[in-house]
Amino acid sequence: GLYKQTDTNFNADLSWTVSDALNIGFGGEFRNEEFEIGAGQVESYTAGPLADQGFSTSSNGFPGFPEVTSGTFERENYAFYVDAEWTPTDRLVTQAAIRYEDFDGFGDTTNYKIGANWAIADNFGIRSTYSTGFKAPTPGQANTSNTSTELTMVNGRPTLINNGTIPATNPVALAFGGKELDPEESTNFTAGLYATLGNFEITVDYYDIDLEDRINLSSEVALTQAQIDQLVADNVPGASDLTQFRFFTNDFDTNTHGVDVVVSTYTEWLGGTTDWNLAYNNNTTDVENFNPTTVTQGRIDQIEKTVPETRWNVSGNHSVGNFRILARLSFYDDWFDSEEGDYASGAGVFSSEYLVDLELEYMIGDHSSILIGGNNVFDESGDETANPTGLGNRYSQYSPFGISGAFWYARYRYNF
C-alpha cells in the first residue's frame with residue numbers, strides 16, 4: 001500500500017512603507033492538506049498458507065493496508081495576518097504581529113507576537129520577544145492505522161514484538177484514555193543582550209517555551225486477547241499478531257528553557273590573524289501535567305533526557321599568507337538512551353564526550369583552493385552499550401554526534 005501527503009497552498013504577502021519610521025506587512029493564506037492511505041494487494045494483509053505453522057499473518061515486518069482502512073482524509077484552513085515594524089528612534093526598533101486562522105474541524109485561533117530591540121549605547125543593546133503559537137494535528141496523526149515488527153528486550157532477551165499504531169478514537173484506544181486529538185498551543189519568550197567589548201562580540205539570549213497539549217505517541221500498551229479480537233474486527237492491519245499498541249495523544253505539557261551564548265573575537269599573531277568563536281547552549285525540557293495512564297515514567301525520561309543538557313564548541317580559524325588552518329573542540333554533555341536501560345538506576349546513561357575537528361586549506365591564486373580535513377579526528381564513538389549482543393547496538397542509537405567515528409575528506413574548490 002501507500003501513504004501519500006498532498007499540500008496545496010495559496011499565499012499573498014504585501015508590504016507598505018508608511019514612512020521612514022513605520023512599515024506594515026499583511027497577507028493571507030489558504031491551505032488544503034490531503035492524506036491518503038492506499039490499499040495494498042490482498043496478500044499483504046491476509047493470512048498466508050503457512051499461518052497455521054505459527055507464521056505472522058500478512059507480510060512480515062509491516063502488514064499492508066486493507067481496503068477497509070484506506071481512504072483520503074482532508075483538512076482546509078485559511079489565515080490572515082498583519083504585522084508592523086516601528087522605529088521611533090535610531091536606537092529602538094519595535095515589532096508587533098497578529099494572525100487569525102480558521103481550521104476545518106478545529107475552529108479558529110488568534111496568535112500574536114511582540115518584540116523590541118533597544119541599542120542602549122553604540123556598543124551595547126537588549127532585545128526581547130513574546131509570542132503565542134498553534135499547531136493542529138495532521139490528518140495522518142488522526143487517522144493512521146498500521147503495525148510494525150520491532151526488536152526489543154524482554155526479560156533480558158531480544159524478542160520480536162508486533163507493535164501497532166491506531167487512531168486515538170478507536171474503541172480499544174478509547175479504553176486506555178484515547179480521545180479525539182486537540183491542537184497544540186504554545187507561548188514563547190526570549191530576552192537577550194548584545195555587546196561589543198574591545199575586540200569581543202558577545203550575545204547572550206534566554207528562551208522559555210511552554211507547550212500545552214503536545215501531540216505525541218503514548219507509551220506502549222499491552223493487549224488482552226479480547227482487545228486483539230476488537231482490533232481484528234476494526235480491520236487494523238496485522239491486528240491478529242499484535243502484542244501491544246500505541247496512539248497519538250495530547251496528554252502532557254512541556255516547558256523548555258535555556259540559554260545561548262556566542263562570543264567571537266580575533267587575534268593578530270603568528271604572521272596572520274586568528275578568528276575565535278565560542279558557541280554555548282544549555283537546554284532543559286520538563287514534562288508537566290501529564291496523564292499517567294498514557295505517559296509512563298520511562299516515556300518522560302525519554303522526552304527529558306535523550307538530548308544533552310549542555311553543548312558547546314570553541315574554534316580557531318587562522319589565516320596566514322595562502323594558508324588557512326581551522327581547529328574546533330566540541331563538547332556534548334551526557335544523555336540517556338531509553339532502549340538501553342532505566343534512567344533512575346543509571347543504566348542507559350552515556351558519558352559526555354569531546355570531539356576535535358581539523359582543517360587545512362591552501363589558496364591557489366585568487367580563485368581556487370585545495371583543502372584536507374577531518375571531523376572527529378580522534379575517532380570518538382561514545383560509550384559502548386552495556387549489552388552489545390542484545391539488540392545488536394554497539395553504541396547508543398541516540399548519540400548526538402553519531403556513531404561513525406572519524407570522517408576524513410579532501411576537497412578542491414574553484415570560485416568563478
Side-chain angles (χ1 to χ4, degrees), residues 1-11 28-41 44-45 58-59 62-81 99-111 132-148 163-186 211-221 230-239 242 245-254 291 294-295 299 303:
L2 63 85
Y3 284 147
K4 183 179 180 180
Q5 176 80 15
T6 303
D7 294 338
T8 304
N9 296 274
F10 296 95
N11 300 79
E29 178 183 36
F30 171 82
R31 182 168 66 248
N32 175 274
E33 297 177 72
E34 185 178 281
F35 177 70
E36 178 185 351
I37 302 177
Q41 63 189 76
S44 70
Y45 57 83
S58 63
S59 58
F62 195 97
F65 305 127
E67 289 281 355
V68 70
T69 61
S70 64
T72 299
F73 309 93
E74 289 189 72
R75 185 178 67 210
E76 294 182 351
N77 64 288
Y78 60 88
F80 303 97
Y81 78 90
R99 179 183 176 97
Y100 171 83
E101 196 157 7
D102 186 273
F103 286 82
D104 181 22
F106 291 99
D108 58 359
T109 178
T110 301
N111 295 283
T132 62
F134 180 94
K135 179 182 181 296
T138 68
Q141 290 171 325
N143 296 285
T144 296
S145 294
N146 65 49
T147 301
S148 57
N163 199 358
T165 301
I166 63 176
T169 53
N170 182 284
V172 174
L174 292 174
F176 287 90
K179 60 181 180 179
E180 187 171 346
L181 294 175
D182 292 322
E184 293 180 343
E185 296 184 352
S186 67
L211 262 173
E212 297 182 2
D213 298 328
R214 283 192 62 164
I215 300 170
N216 216 300
L217 284 169
S218 69
S219 300
E220 284 82 6
V221 180
Q230 176 66 55
L231 291 176
V232 171
D234 292 337
N235 296 296
V236 172
L242 278 179
F245 76 100
R246 58 198 173 193
F247 51 92
F248 283 97
T249 72
N250 296 107
D251 282 354
F252 65 93
D253 306 336
T254 60
N291 180 356
T294 58
V295 183
R299 187 79 175 98
I303 295 166

So, using side chain to side chain contact (heavy atoms under 4.5 Å, CB included) as the criterion, who are the partners of S219 when residues are at least two apart? T296, R299
Ring-ring centroid check Y3 F35, cutoff 6.0 Å: yes
What's the spacing between R31 CZ and Y78 OH if we round to 0.5 Å? 13.5 Å
Do you know which two heavy atoms are closest between L231 and N170, and how far apart they sit? CD2-OD1, 3.6 Å
Partners of E220 by side chain to side chain contact (heavy atoms under 4.5 Å, CB included), sequence neighbours excluded? N163, Q244, R246
Smallest separation among heavy atoms of P167 and N143, with atom names: CG-O, 3.9 Å
If you take all heavy atoms of T294 and D251, which pair is closest and at what distance? OG1-OD2, 2.5 Å
With a 4.5 Å limit on heavy-atom distance, are the side chains of T249 and N291 in contact? no
Residue pair S70 / G38: nearest heavy atoms and the distance that separates them: CB-C, 4.2 Å
Does Q230 use its side chain to pair, donor to acceptor, with the backbone of V172 at less than 3.5 Å? no
Give a yes or no on whether the backbone of Q141 and the side-chain of T144 come within a donor-acceptor separation of less than 3.5 Å. no
Taking C-beta and beyond as the side chain, do N77 and D104 meet within less than 4.5 Å on heavy atoms? no
Can you check whether L217 reaches F248 side chain to side chain, under 4.5 Å on heavy atoms? yes
About how many Å separate OG of S145 and CZ of F247, when rounded to the nearest 0.5 Å? 13.0 Å
Any side-chain donor near an acceptor of the partner, D7 and Q5, under 3.5 Å: yes
Between D213 and P183, what is the shortest heavy-atom contact and its length? CB-O, 3.7 Å
In Å, rounded to the nearest 0.5 Å, how long is the span from CG of N111 to OH of Y81? 15.0 Å
Would you please name every residue forming a salt bridge (Lys or Arg N to Asp or Glu O under 4.0 Å) with R75, sequence neighbours left out? E33
Pairwise distance OG1(T110) to CZ(R99) - rounded to 0.5 angstrom: 11.0 Å
Quick one: list whatever passes side chain to side chain contact (heavy atoms under 4.5 Å, CB included) with S186, sequence neighbours left out. N188, L211
Applying ring pair (Phe, Tyr, Trp, His ring centres under 6.0 Å), can you list everything that pairs with F176, at least two apart in sequence or on another chain? F245
Taken to the nearest 0.5 Å, the spacing of E101 CD from T109 OG1 works out to 7.5 Å
More than 12 foreign heavy atoms under 6.0 Å from CD of E74: is that the case here? yes
For I215 and E184, the nearest pair of non-hydrogen atoms, with its separation, is N-OE2, 2.7 Å
Using the side-chain contact (heavy atoms from CB on, under 4.5 Å) rule, take E185 and T132 through it: C-alpha gap first, then chi angles, then the decisive distance, then the call. CA-CA 7 Å; E185 296 184 352; T132 62; over 6 Å; no
Partner residues of K4 under the side chain to side chain contact (heavy atoms under 4.5 Å, CB included) criterion, sequence neighbours left out: L2, T6, E36
If you measure from CZ on F106 to NZ on K135, what distance do you get to the nearest 0.5 Å? 10.0 Å
